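Throughout, residue positions are numbered sequentially from 1 according to the sequence presented. Computed from a predicted structure; not experimentally measured.
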Amino acid sequence: MKATRGFTLVECATVCAMAGVLAAMALPAYQGEARRAARLDAVQALTRVQMAQEAHRAHHGLYASQLSALKGVASASDQGRYTVALQSTGPDTYRATAQARGAQERDTSCPALTLDVNAGFATAGPSPQCWNR
């Protein structure tokens with residue numbers, strides 16, 4: 001008799017099961033990294049607000065109290081993952097917020113990024129880890 005070459009059904013099932021286990025372990029880690037990388041959309045939107053606010057302050061002597069007064073700034077981030085809001089807290093202070101929306105809302109460690117500015121000095125929130133991407 002001639003020996004046949006190939007894989008048995010048990011060997012194929014074992015390889016498929018191992019691949020499934022590896023994929024099940026890797027997928028949540030990948031999704032978490034993708035959410036952390038997507039925070040860059042919020043960082044860019046808040047940086048754009050800060051630059052537009054400084055330009056507005058240079059021309060008008062004070063910060064704008066509404067996003068509509070700022071050129072090049074929209075109420076949504078470029079990729080649409082965050083809603084951008086502006087709150088005037090005084091003549092020389094404001095708070096810009098980027099609130100996660102859609103699939104980005106699953107980012108529970110940083111659901112909203114904030115930028116508090118007082119007389120040109122910015123404080124990023126809620127934590128430095130949210131801004132390090």
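Counting only N and O atoms by type, the side chains of Ser127 and Gln129 include a donor and acceptor under 3.5 Å apart. In summary, the side chains of Arg39 and Ser109 do present a donor paired with an acceptor at a separation below 3.5 Å, with no hydrogens or angles considered.
Judged as a side-chain contact (heavy atoms from CB on, under 4.5 Å), and not counting sequence neighbours, the contacts of Asp78 are Asp41, Arg48. In this structure, the ring-ring contact (aromatic ring centres under 6.0 Å, His included) partners of His60, at least two apart in sequence or on a different chain, are His56. Residues satisfying the side-chain contact (heavy atoms from CB on, under 4.5 Å) test with Arg95, not counting sequence neighbours, are Gln87, Thr97, Thr114, Asp116. In this view, Ala122 and Gln50, Leu115, Val117 satisfy the side-chain contact (heavy atoms from CB on, under 4.5 Å) rule, not counting sequence neighbours. Phe7 is linked by a side-chain contact (heavy atoms from CB on, under 4.5 Å) to Glu11, Cys12, counting only residues two or more places apart in sequence or in another chain.
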side-chain contact (heavy atoms from CB on, under 4.5 Å) assessment of Cys130 paired with Leu113: CA-CA 7 Å; Cys130 293; Leu113 278 75; 4.2 Å; yes

Steps toward side-chain contact (heavy atoms from CB on, under 4.5 Å) verdict (Arg101, Arg81): CA-CA 6 Å; Arg101 66 182 192 180; Arg81 292 185 172 121; 5.8 Å; no

side-chain contact (heavy atoms from CB on, under 4.5 Å) between Gln53 and Tyr94, worked out: CA-CA 9 Å; Gln53 280 282 46; Tyr94 68 89; 3.6 Å; yes

Full working for side-chain contact (heavy atoms from CB on, under 4.5 Å) between Arg57 and Asp92: CA-CA 9 Å; Arg57 184 177 180 209; Asp92 283 342; 4.2 Å; yes

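Interatomic distance, CH2 of Trp131 versus CG of Leu46, reported as 4.5 Å (0.5 Å rounding). Atom-to-atom distance recorded for Thr14:OG1 and Met18:CE is 8.0 Å, nearest 0.5 angstrom. Summarising the geometry, atom CG belonging to Leu70 is positioned 9.0 Å from atom OG belonging to Ser65; distances are rounded to the nearest 0.5 Å.
Between Thr93 and Tyr63 the shortest heavy-atom distance is N-CD1, 3.9 Å. The two residues Ala24 and Pro28 come nearest to each other via the heavy atoms O-CD, 3.1 Å. Here the closest heavy-atom approach between residue Val73 and residue Ala52 is recorded as CG2-CB, 3.6 Å. Shown here for Gln104 and Ala38, the closest heavy-atom pair between the two residues is OE1-CB, 3.2 Å.
Within the structure, no pair that satisfies the disulfide (SG to SG under 2.5 Å) test touches residues 32-95, not counting sequence neighbours.
In this structure a side-chain-to-backbone donor-acceptor pair under 3.5 Å is present from Ser77 to Tyr82.
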